[in-house]
Amino acid sequence: MSSRDDRAKEALRWIAPAGRSIDAVNAIVAAPLLERQRWSWRTWWIAFAVSLALTGAMAISIAWLLIEGIGIFGNNTTVVWGFPIANYVWWIGIGNAGTLISAMLLLLRQHWRASINRFAEAMTLFAAAIAGIFPILHLGRPLYFYWLAPYPNTMALWPQWRSALIWDFWAISSYILFSLLFWYIGLVPDLATLRDRAKGTMARTLFGIFALGWRGSARHWHTLHIYHMTMACLGVPLVVSLHSVVGLDFAASLMPGWAETIFPPYFVVGAMYSGFTMVIVLAAAVRWGLRMQALITIEHFEVMAKMLLAASTIMTLSYCTEWFTAWYGGEGAERRLVVYAFTGDYRVLYWLMLVFNCVIAQAFWFPAARRSIAAVVTIGILINVGMWLERMTIVLNTLSHGYAVSMWRTYAPTLWDFLLLFGSLGFFALLFLIFCRALPVVSMHETRRLLSAEAQP
Amino acid sequence: MSALLVAEFHEAGALTTAARAATSAGLPLADAFSPFPIEGMAELLGETSTRLRIWMFVGGIAVAALAYATEVWSAVYNYPIDSGGRPEHSWPAFLLFPFAVGIFGAALTGFIGLLVKCGLPRLHHPLFEINGFERVTQDRFMLALHAPPADADKRSAVDWLKQAGADNVWELEW
Amino acid sequence: MPQIFRPYADTVLRVALLAILVVPVAAIGAAYAVMWSPYVTGQNVVIEQPVPFSHQHHVGALGLDCRYCHTAVERSPVASVPPTHTCMTCHSQLYTNAQMLAPVRKSLASGIPIRWNRVHRLPDYVYFDHSVHIANGVGCTTCHGQIDDMPLTRQTAPLTMSWCLSCHRDPAPHLRPQSQIFSTTWRPPKDAEKAGRALMSAYHIDTTHLTDCTVCHR
Amino acid sequence: MTARPPIAPADAGRFDIDRRRALTLLAGGMALALSSCGPPREEIVPYVSMPEGMTPGLPLTFATAVAPFGYAQGVLATSHEGRPTRLDGNPRHPSSLGAIDIFAQAEIMSLYSPDRAQAVRHGDDIAAWSAFEGALQAQLEQEKLRRGAGLRIVTGRITSPTLIRQLQALADVFPAARWLRFEPIDDDAPRAGAVAAFGEPLVTLPHLDRAKVVLTLDADPLGPGPQQLRNAAAFAKVRQSRLTPDDFLRLYAVESMWRLTGANADERLALAPQLMRNVALRVAQALGASVDAGDLPDRARRFADAVAKDLAGNKGRAIVLAGDTQPPEVHALCHWINAQLAAPVDHLPPVDANDKSHAQSLQELADDLGAGRVETLIIIDSNPAYAAPGALKLRELIGKAPFSAHLGLTDNETAQRCQWRLPMSHALEAWSDLRAVDGTASIVQPLIRPLYDTRSAHHVIGLLHGDLGADPYALVRETWQARATGDFESQWRRWLHDGVIADSAAAPVTPPQPHLPNVAPAQGTPPLTLVLAPDPSLWDGRFADNAWLQECPRPLTHEVWGNSLKIAPQDAAIHGLRDGDVVKLAHDGVTVAAPVRVQDGQPAGVVAATLGLGRNAAGAIGNGVGFDVYPLRGPAAGWHIEGVTIEATDQRHAPPTTQHHFRLDAEDKDILRTLAIDDLPRGTASSQDRGESLPSLLPRQNEDGYQWAMVIDTSVCIGCNACIIACQSENNVSVVGPEEVEAGRIMHWLRVDTYFLHEKDEPPGFQPVPCMHCEHAPCEPVCPVAASVHDGEGLNAQVYNRCVGTRFCQSNCPYKVRRFNWFAYSHDQAYANLGADTVTAQYNPDVTVRGRGVMEKCTYCVQRISRARREAEKTDTPIPDGGVVTACQSACPTRAISFGDLNRKDSSVNALRHEPHHYAMLGHLGTRPRTTYLARLNNPNPAAQDDGA
């Protein structure tokens, strides 16, 4: 009896009093979708306009890229990879966190995931989709990207399966589709709720179609639960393998600074790191914008801050390992590369990266920092910048300063590099803003379940 | 042509107790409806099958095997090409593609299995006729019994449900 | 609560879900079919020419040797289309006023070449060499078909990469003795396989590197 | 029907249209027409009547000669269906010996250059030749009256016997006319020196291959010029590893700026040009002359004494060479020294018939123009308006001639100041004849009918004779008929076939013992001096419209599309200058803005610049590239300009470079290895150095059949860049233009890396780097579409039409030898006017022209391998050793590049791969390169070095 109360309390810890009833939860979550007149959407429209403009910029730069060719970017004969690859790794990293949260935390029975997993998964979906665009755009002949797939053709040719890019191509495709299913199946009961709450025929029809006729049958709940748990079990290895493969894009080479066994694991942690920071930023936005204070509480921010602290420490450790192996390995080029990273052409980026990724997160040792949303968000954004810088320096240092001394070159991005980067940010924001007004940003049925302490075994 | 007795409850607790009592009272349970999964209810309804997982496993393995077969056939038999002196059958490099698509294969099989097993999509369903059924996706709980054929038994069953705490009881033909 | 959907909605939605699975697969299949279609390969498409030259008449009926016109075929990568002069060696005597030969006479008089339309067209990154195929026992009709009964010349082979590969992987069934290279009547013998093997060794053909990219692409 | 034009996989459609227009220019050929829908239609356009000896689809080769500097360089020209596509060296020709320099190779680009003059122009209006002929005849009537007193003919260096004959014959018609000869890169000093020493202007031909010790005083025997190929070949003969240290040449160079000779020297001394006489004098002292040797800095004195000792100790095997930039008395002194040393040099009567010095000629022209004594000015293929010393003001004066005409390949600065601009036929378009430095004559035969309405010099001089129909062919035959003995026709055919006229070389003369000239030593330290030199890629500027040469990296600096003022670190420190700072370079009130490059090994107090840039009438390619130093030259067209001033400005602008880092650290030892000949271990290389003993998990590849490999001997690579241009012309490598190079993008498949290995001011090492064709190629497993794959003969192939452009291969290539088409460099995005149809006509039809977005790289000239293999299959005989010669290999004057089959035990590459100093670049990476190297051998003399230890 008492133990059940504890569990109930533990569950309720994640929900503010204002949201501690099934009706309240339904009302709070459905409000932005069904009772829009509740509050003014001016901020939303401003944000929408800005992200739409940025999306336009992205569209233009893509069009120009296809017309003029890959040469519009800052790459050169030696540094053949630049922004697009760094952007790709960064976005896919963000794209990892959603599934990590919903899958890993589900398996670990972390109650607090209930109120954030929905929009985290949406974030995953959008980020992964955007990430998928970059490798294609950075091709010399983007329109032939489908040659990476084994399709029947009159040339009797097949993909070259040993290439990490093939692994990538399939890992991402599988991951995006997987996340889509995982996300959608979690949405179905909520869509049914909205179908039944909605007044307008249009809304009821649309929600109705996507709810697939869900009627809360205990049999269905049972099957859904089994599927959900199994998907979680599959999702964790998939997400880990995905970013390991991204790490292999670099590690499966013989270039100094790339050919490192530590890359796959530390790319995964890095992904979680940047992903969580993005979740934090979005959580703050949703909490404030959609009045979700009752469901997304300080507690959530504190626990995620703790995770950042842990990740930051692991990242720092990884960097140290890199430097150590470079020194201990004794390969001249490797050592020279580390020195170059600290003192070479990109030293500013590198130092900034270290500060953002390793130093500032240490603030979370202090509860005050963890419990201040402003602090957590600010640090989160800085860390995300740091993670982008990390990917950038990984690409640039090795390529600029490899073995062939005569071909050492430095890289200078062009306007188009930046347009595409910020354009993609705008596109991401656009998708998320639309998501906020079309679908429930918090999983109602999971929160309800959390509320009904009795329902806990 | 059978009939259902659908009883509406306020509390998840009331629903479970009623369900338990009904089974002990020998009233055959048809189904239960709730805004969130209720632990134990599935067992009461005899929902213990785990075949879905087996399907997913089979589906995943099948897709992965197909993927690996494609790799080996294309790289070793159909058009072997010397790529940096690597072996034609570079199995370690060949593992990641099957792994990724295999997992997706499992997920897709599971999804299809889920729909089949639950008979979804089912946009039009007699239950939706019930006035107030929309509440089961929000905050109400409903229990469905197979209505006894004889009118007398039926009436007593309804009374029994009322006593068990049901606010309303509907009879549904289908 | 009233029903939102009519009963048939279920069917519609289920079909739609099925389509999501079926359509992509079907699309790929269709695309593959198109790639093999004459529209893309140009197979068996008769291309109009300034002069309706008939191989059927010249080769089939008159029995001219291929090399009478395609002089370079044994030495050069290209078979070479004959200069106007070659046509006129005969047509200065025969059909001297034939209307259909007017362009030929005009070309000779004006010194302006005849512009023929290419029938067998390979992509420009493919480097095909007639002479080496002839030297290794590949006959004309093997790729060009029964040229001797073509009133107007057409391409009989698909000329796709996989078509080329099919022979480069296993030339044996397509080989003939040197004496038969230019014959339009040659047919594979009963024991084509065995004969092919014999010719393979006679021509010192080693297939191990025949499918290297550099054999055709530079 | 002709060879299929190569087309890029990408945007084939757009290219097709180009091809059709391009080919209408050519006799016969296949064209492509875009049909509105479906795959593009192609046309076949056969000949009306087949030219004799031509087989459609097979290239023809003709022996002829080109004259980049006025002297003949024998070449073998390849022609596809009547369109010349490349030039190779002619082994029979003494100035080629089978090799070819960058200038001669680039002639093919000049032929198709869109900047060529294409029509006669009167002022700016297009006119007809008849109009010019009319005007000229009227003018000549006038001249006849005054016996040609107003007629001046200005030419460059003329070595064509026929043209000389025509010019000299003019004296009969116009006795008072003057023929003035002007080359900006003149040889006045050596001629005067020879006159001083021997009484006649003999030309000195050194025999480096018979030398053990050579000292150069600002001479550049290995640098660009008419003797480069000959000297380089001789140099290589005595720099072979098989030689004992006693026979291994030791080269000392004293230089006022970096020249190729100094870059290849064992001991180099940077010294102000004025002080070099003192070095010569010290040597003379050591040889018994009682002269005042003046004073020298310590380092220089130690160097001079060491050299003198070495020279004196090798009588009969020692040579001293003074540069064309040194004054006559120094040349005379060197002749005396050589005489004492019994140096292996030949003295030949000059081929260049005109005795008047270039400086005098120009002075006279300027005076006459100024005084209005010039009525009729005919300028043949010369550009005084641009290249004459600024002090002479010829730019302005030319306009003063009442009647002036210029015949040239382009409407250059001079043409634009003449009333008549006449388009000249290219050397590959017209008949002529030429002599090499040693007098060997060649018949120049055309390979193609003139692309435009152009005429040759013979024709125009003929017009002066009043002969409207002067036919170069007839004229040339006339010349040689007179000299033929026996059956002329058969000899003529033999000459055309060989590319040289048998025993037409001048016999060496034995000059009288030169007397010791009286040379006053230089005293004190000279003021800041500007040293001038021909540009290593553009010579005197006549090649400025040639995109290949503009983008050909200058040795040592790797500057392209521009030049810079080389300044010593000490001087840079004084003026607070760093690379790229623009300075005002002034002398006598003339100021030139020039970006500086701080160069180790540049003597303090001496700045150096190259001539030939900063042109403004060179066309779309050459205009406004670099800065022009001709205006600074005094009337004497001097090579050293004393007392220049430099003044820093706040502008910055450096010419783009293709190599940014030149220092090798300790960990780079297995990139470029060097070795003193004395330390060369005898025996054979360890398999370790072939990178083969490293353990590998990978299975052995199937290694039957041919297995191609290349070995490059870095000790004889003199950094002349001939291989780069050879590769470019053979493989249709695009020119990317200055903006792209600035952005760090290059296209040359083969680069010649330059590394400073010891002290920064000591001679560097050169290392040609093509694709390594690794057996365990890192680029291949990372390609997702198998566009980078291995073929059965060990080639690392790049299949352009399969490439999607991930560039993973280049990221993973430790040698960075892959090149990416960031834009459609050969198509609609070509630099300047390089997209013009005429340029596409130069392409080698056996090589695909790459489109946008695909990776490309060295293929070991796979098209040549394929041709050899197909021929071998047809004849059923294996490819012999040397049966495949790559383009780079064929052009190399020192034969530094060897190529062959590893499975032939007797192949040259097999032998070289077992040399003791053989190694694989970055072999420790386990890539097992098929391209491997021989360490760079040198032969230092410690006594000559800084510490003197």
Side-chain angles (χ1 to χ4, degrees), chain A residues 22-23 26 150 156-163 166-167 170-171 173-175 177-178 181-182 185 188-189 192-193 195-197 208-209 211-227 230-231 234-235 237-238 241-242 245 248 444-446 448-449 452 454-457, chain B residues 11-13 31-42 44-45 47 50 52-53 56 60 67 70-71 74-75 78-79 81 83-84 86 90 93-94 96-97 99-101 103-104 106-108 110-111 113-115 117-118 120-125 127-128 133-139 142:
Chain A
I22 292 185
D23 294 326
N26 293 341
L157 287 176
W158 301 98
Q160 203 282 102
W161 304 105
R162 300 169 192 81
S163 168
I166 292 282
W167 313 339
W170 289 104
S173 323
S174 312
Y175 180 69
L177 295 171
F178 179 93
L181 285 178
F182 195 52
I185 212 64
V188 167
T193 309
R195 172 196 65 201
D196 297 341
R197 284 179 76 96
I209 291 170
L212 301 176
W214 180 266
R215 35 186 205 278
S217 152
R219 303 176 186 280
H220 295 180
W221 278 123
H222 175 70
T223 321
L224 183 71
H225 179 68
I226 291 177
Y227 183 61
T230 323
M231 286 289 276
L234 293 173
L238 178 61
S241 77
L242 169 61
V245 166
L248 285 174
M444 290 186 268
H445 64 96
E446 292 182 71
R448 287 192 217 111
R449 176 147 185 243
S452 60
E454 296 86 343
Q456 303 295 326
Chain B
E11 287 300 324
D31 200 345
F33 308 92
S34 56
F36 53 81
I38 298 174
E39 300 288 331
M41 185 54 76
L44 283 173
L45 292 166
E47 268 295 346
T50 61
L52 186 64
R53 296 207 190 89
M56 292 175 75
T70 314
E71 289 183 318
S74 63
N78 183 255
Y79 204 152
I81 285 175
S83 179
R86 306 300 192 270
S90 309
F94 286 3
L96 285 118
F97 165 51
F99 177 80
V101 291
I103 286 187
F104 171 64
L108 189 61
F111 184 72
L114 175 84
L115 294 187
K117 191 162 184 306
C118 302
L120 297 176
R122 186 79 193 274
L123 301 179
H124 177 95
H125 194 284
L127 280 168
F128 292 133
F133 190 77
E134 67 270 18
R135 296 291 293 272
V136 296
T137 59
Q138 302 174 41
D139 53 1
M142 289 192 180

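Just so we're on the same page: letters track the sequence lines, and every chain starts at 1.
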Is the backbone of Leu120(B) close enough, under 3.5 Å, to the side chain of Trp214(A) for a donor and an acceptor to pair up by distance?
-> no
Does the His220(A) side chain pair with the main chain of Cys118(B), one donor and one acceptor, at a distance under 3.5 Å?
-> yes
Most heavy-atom pairs under 4.5 Å with chain B, out of Ile22(A), Thr230(A), Thr223(A), belong to Thr223(A)
Is Glu134(B) paired with Arg215(A) through a side-chain N to carboxylate O contact shorter than 4.0 Å?
-> no
Are the side chains of Asp31(B) and Arg219(A) in touch, meaning some heavy atoms are under 4.5 Å apart?
-> yes
Would you please classify the geometry between the Phe97(B) ring and the Trp161(A) ring as parallel, tilted or perpendicular, with 30° and 60° separating the classes?
-> parallel
Note, Leu108(B) side chain near Phe178(A) side chain (heavy atom, < 4.5 Å) = no
Report yes if some heavy atom in the side chain of Phe133(B) is under 4.5 Å from a heavy atom in the side chain of Asp196(A); otherwise report no.
-> no
Side-chain contact, heavy-atom cut-off 4.5 Å: His222(A) with Met41(B)?
-> no
Tell me, do Arg162(A) and Phe94(B) make a side-chain contact under 4.5 Å, heavy atoms counted?
-> yes
Output yes when a side-chain donor or acceptor of Trp221(A) lies under 3.5 Å from a complementary backbone atom of Ser34(B), and no otherwise.
-> yes
Side-chain donor/acceptor of Tyr227(A) to backbone N/O of Ala107(B), under 3.5 Å | yes
Mind checking side chain to side chain donor-acceptor pair (under 3.5 Å) for Ser83(B) and listing every partner two or more places apart, or none if nothing turns up?
-> none
Heavy-atom closest pair, residues Thr137(B) and Arg448(A) = O-NH2, 3.1 Å
With sequence neighbours left out, the residues meeting ring pair (Phe, Tyr, Trp, His ring centres under 6.0 Å) with Phe182(A) are His228(A)
